[in-house]
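Some notes on the structure that comes next.
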Amino acid sequence: MTDSPTAEQQPEPPPPSTPTAAYHLHPRREPFEHGLLPIPKLIFTDGTQTLSLLKSTLLSSSSNYRVSSETLSRVLQIPIEHSRILIETLSSVLHDDSDPLVKARTSKEIEEIGANVFDLLVFLYIQSYKRLLPKGHKDSAAVADVWPSTSAFDGFLSALSPLQLVRSNSRRSMPSQADEEAHQLSYLQKHLGNILSLLADSAEAEGDESLVLSMDKFEHLGFLIYFGERGSERIPLSQNTPFFANSDPDMPAVPVPASHVLDWLLQHISSTLEHLADRVSPKENGPSSSSDQDVTMADVGTSSVKPSSSTRGPSFIEGISKSSYIKQASDLKGTSVKVVNCHESVIYILAPLRYATVYGCSDATIVLGAVGKAVRVEHCERVHLITASRRICIVNCRECLFFLGVNQQPLMVGDNHKLQVAPFNTFYSQLEEHMNQVGVDPNINRWDEPVALGLVDPHDSLSHPAGVSDVQTESATRLDPDQYTHFVIPNWLGSDQAGSTKDNPFPLPDAYLASQQKNHKNLVEVKHILRETQLEESRKRELSTALHACFKDWLYASGNIRQLYCLQGE
């Protein structure tokens with residue numbers, strides 16, 4: 001990509017002030033972790049050239065700086081379904097919760113409100129971002145050189161399962177939070193000039209045309225960056241700058257040269273990168289690489305330090321094996337959770353969340369209480385996931401079953417195999433309170449409307465077979481209603497605070513409701529028959545042994561054996 005010409009067009013700026021020690025400039029992880037879409041026509045590789053033309057077209061199509069999915073479909077020449085997904089995804093990662101798009105629930109509301117043009121431009125620009133390559137790659141140089149070309153290495157990787165693919169490429173199978181933050185900052189350091197040029201306005205200065213940035217346009221950078229520290233509240237960008245701080249809302253600050261803003265931001269990014277590098281243990285420093293050719297990892301600090309919970313970073317649940325794990329609202333300091341490398345376990349997260357990520361898990365049952373923004377499930381095998389959420393994206397998974405109460409269509413991305421979806425199937429006493437708190441609507445459940453996008457995720461730094469980026473990924477099938485069962489969360493897992501939820505808040509489709517009622521009726525009848533049957537003692541023992549054997553077989557076949565791990569600690 002080309003660097004912004006801003007610096008050449010502006011007179012020499014005064015030396016920027018030294019960054020304050022109180023706060024560091026951090027990237028917002030949400031757009032990079034939950035906001036990237038594998039839609040080729042949304043990925044622009046020519047810097048600002050295409051997006052500048054797009055900006056003019058979008059602004060001329062709108063009288064209030066907002067555009068609908070119908071307009072986007074026409075301008076970007078993408079299917080209307082993709083433009084709706086684009087706006088829905090943007091709404092899930094917006095930085096400003098007061099934006100009316102964040103509160104929209106139905107497709108009609110989203111269409112009527114539309115997306116802000118400047119948020120949209122920033123969102124489209126970062127679609128060129130490529131995720132950090134996990135450390136320890138056995139042939140990272142080869143991947144960086146050949147992707148997306150064909151190689152023998154591609155054939156090796158494509159034969160592996162999602163979990164094997166992850167394990168073969170990383171000793172930890174997921175970059176640390178410090179790694180990802182430094183990688184995102186380095187990307188912004190490279191491209192911030194282009195992004196600012198999309199937000200800036202043209203102005204006449206001493207006879208030469210230049211770019212200036214107003215305070216309201218500057219605030220759109222809050223989509224990507226913010227000031228703050230661990231345990232502190234995020235501070236609006238304009239309130240932490242020498243350009244716009246303490247501006248009177250009735251008399252907005254005068255626009256400033258975009259080059260001055262760029263220099264100031266780059267100085268803060270460099271300061272944060274130095275701060276991240278200082279936190280790294282010397283023994284953990286080592287060569288790293290990235291397949292994003294715009295970011296050289298020699299400039300990025302690396303760390304394997306496991307971050308603690310904070311309002312800035314997510315809470316980690318990592319490495320749980322053959323046991324149970326329970327987290328409730330009082331146990332979480334932040335509003336995001338990452339479940340990583342958990343196997344043969346049952347994990348309950350009975351709390352209101354904004355974001356959740358499940359990565360590299362196998363043979364596990366995971367219950368996510370209420371997630372108001374987005375859930376991402378990646379590189380998982382034989383996982384049963386139960387969640388009430390606004391949105392879910394499933395990437396490179398195999399033989400997983402998803403019990404969903406979801407307000408938007410589930411996205412299926414990448415190399416998925418043998419996935420099944422079913423209606424939400426559980427509850428706990430505070431579930432409805434948590435759903436209300438984060439904005440999940442129980443009256444909207446689109447669990448059975450999965451959308452399959454491209455087979456290869458162009459944002460994934462792992463190598464893939466060439467020539468399949470446009471091939472449709474495998475979607476999910478509906479679970480047979482006869483196999484649908486209610487998942488019981490033990491009462492003793494509930495919070496100390498009583499809640500009002502007494503049943504599944506999502507209405508069941510008729511076929512699944514009938515199956516559930518039939519199973520309940522059969523259970524009542526069997527209990528009655530057993531109570532009324534007169535048998536000799538020896539026959540009773542034989543019947544009891546047979547029932548236990550059948551029950552054991554069912555536990556293992558259904559995966560419900562995992563839930564018994566919860567009883568081991570009692």
Side-chain angles (χ1 to χ4, degrees), residues 29-30 32-38 85 89 92-93 131 161-167 173-174 314-318 320 325 336-349 353-422 424-426 440 446-453 455 457 459-460 462 473-477 479 487 559 562:
R29 294 190 177 105
E30 295 85 0
F32 298 105
E33 294 181 2
H34 296 275
L36 304 180
L37 292 169
I85 290 172
T89 304
S92 72
V93 294
R131 295 189 186 92
S161 73
L163 203 56
Q164 289 171 328
L165 179 61
V166 170
R167 289 171 175 169
S173 72
M174 192 175 191
S315 296
F316 268 78
I317 299 171
E318 187 168 6
I320 307 299
Y325 192 93
S336 298
V337 163
K338 287 190 174 182
V339 182
V340 182
N341 296 336
C342 295
H343 311 285
E344 298 183 62
S345 299
V346 181
I347 296 168
Y348 302 88
I349 306 174
L353 302 168
R354 288 169 65 86
Y355 298 95
T357 299
V358 180
Y359 186 96
C361 297
S362 67
D363 301 289
T365 297
I366 300 169
V367 182
L368 300 175
V371 186
K373 294 290 187 179
V375 176
R376 182 178 178 88
V377 186
E378 189 169 6
H379 290 298
C380 290
E381 295 181 359
R382 298 176 301 280
V383 165
H384 288 191
L385 179 77
I386 305 170
T387 184
S389 63
R390 186 176 180 187
R391 159 185 200 82
I392 187 169
C393 182
I394 299 162
V395 188
N396 298 334
C397 292
R398 179 171 295 187
E399 298 178 45
C400 294
L401 176 55
F402 301 91
F403 293 92
L404 302 176
V406 62
N407 293 164
Q408 295 177 4
Q409 291 177 279
L411 294 187
M412 306 292 172
V413 176
D415 193 14
N416 295 304
H417 294 285
K418 298 181 180 179
L419 303 184
Q420 291 181 294
V421 290
F424 192 73
N425 68 336
T426 193
V440 177
R446 306 185 71 178
W447 66 275
D448 59 345
E449 302 176 42
V451 177
L453 297 178
L455 181 61
D457 185 351
H459 309 103
D460 191 346
L462 294 176
T473 187
E474 183 179 313
S475 189
T477 60
L479 179 71
F487 185 85
R562 303 168 200 150

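Nothing here was measured: the structure is a model prediction, and the numbers come from that model.
Here the shortest heavy-atom pairing between K373 and Y355 reads CB-CE2, 3.3 Å. Of all non-hydrogen atoms in A356 and H34, the two that sit nearest each other are O-CE1, 3.6 Å. Heavy atoms only, all atoms of each residue included: I392 and L404 are closest at CD1-CD2, 3.9 Å. Summarising the geometry of V383 relative to D363, their closest heavy-atom pair is CG2-N, 4.3 Å, with the distance given to 0.1 Å. Across P314 and R29, no two heavy atoms sit closer than the pair CD-NH1, 4.0 Å. When every heavy atom of P450 is checked against every heavy atom of A476, the shortest pair comes out as CG-O, 4.2 Å.
Counting heavy atoms from C-beta outward, V440 and V371 have side chains that stay 4.5 Å or more apart. Looking at heavy atoms from C-beta onward, E378 lies out of side-chain contact with V413 at the 4.5 angstrom threshold. Using a 4.5 Å heavy-atom cutoff, the side chains of R391 and L411 are in contact. In this structure, the side chains of F487 and T365 come closer than 4.5 Å at one or more pairs of heavy atoms. The side-chain heavy atoms of R390 and Q408, taken from C-beta on, include a pair separated by under 4.5 Å. Here the side chains of C397 and L419 are in contact, with some heavy-atom distance below 4.5 Å.
Using bins of under 30°, 30° to 60° and over 60° for the plane-to-plane angle, the ring pair H384/F403 lands in the perpendicular bin.
In this structure, the separation between CD1 on I349 and CD1 on I386 is 12.0 Å, given to the nearest 0.5 Å. One finds the CG atom of L36 at 9.5 Å from the SG atom of C393 (value rounded to the nearest 0.5 Å). Interatomic distance, K418 NZ to C400 SG, rounded to the nearest 0.5 Å: 12.5 Å. Considering SG of C342 and CD1 of I317, their distance stands at 7.0 Å, rounded to 0.5 Å.
No donor-acceptor distance shorter than 3.5 angstrom exists from the side chain of S475 to the backbone of A452, with no hydrogens or angles considered. Q409 places no side-chain N or O within donor-acceptor distance of the main-chain N or O of R446, the cut-off being under 3.5 Å. Looking at N396, its side chain does come within 3.5 Å of a backbone N or O of D415 through a donor-acceptor pair. Remark: the backbone N or O of R376 is not paired with any side-chain donor or acceptor of Y359 at under 3.5 angstrom.
For the residue pair H343 and N341, no side-chain donor N or O sits within less than 3.5 Å of a side-chain acceptor on the partner.
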- Step by step, work out the side chain to side chain contact (heavy atoms under 4.5 Å, CB included) result for V377 and F402. CA-CA 10 Å; V377 186; F402 301 91; 4.1 Å; yes
- Message: Pair V421, M412 - check side chain to side chain contact (heavy atoms under 4.5 Å, CB included), show working.
- Response: CA-CA 11 Å; V421 290; M412 306 292 172; 4.2 Å; yes
- Between C380 and V358, is a side chain to side chain contact (heavy atoms under 4.5 Å, CB included) present by the stated rule, with each step listed? CA-CA 8 Å; C380 290; V358 180; 3.8 Å; yes
- Message: Apply side chain to side chain contact (heavy atoms under 4.5 Å, CB included) to residues I394 and N416 and explain how you reach the verdict.
- Response: CA-CA 8 Å; I394 299 162; N416 295 304; 4.1 Å; yes
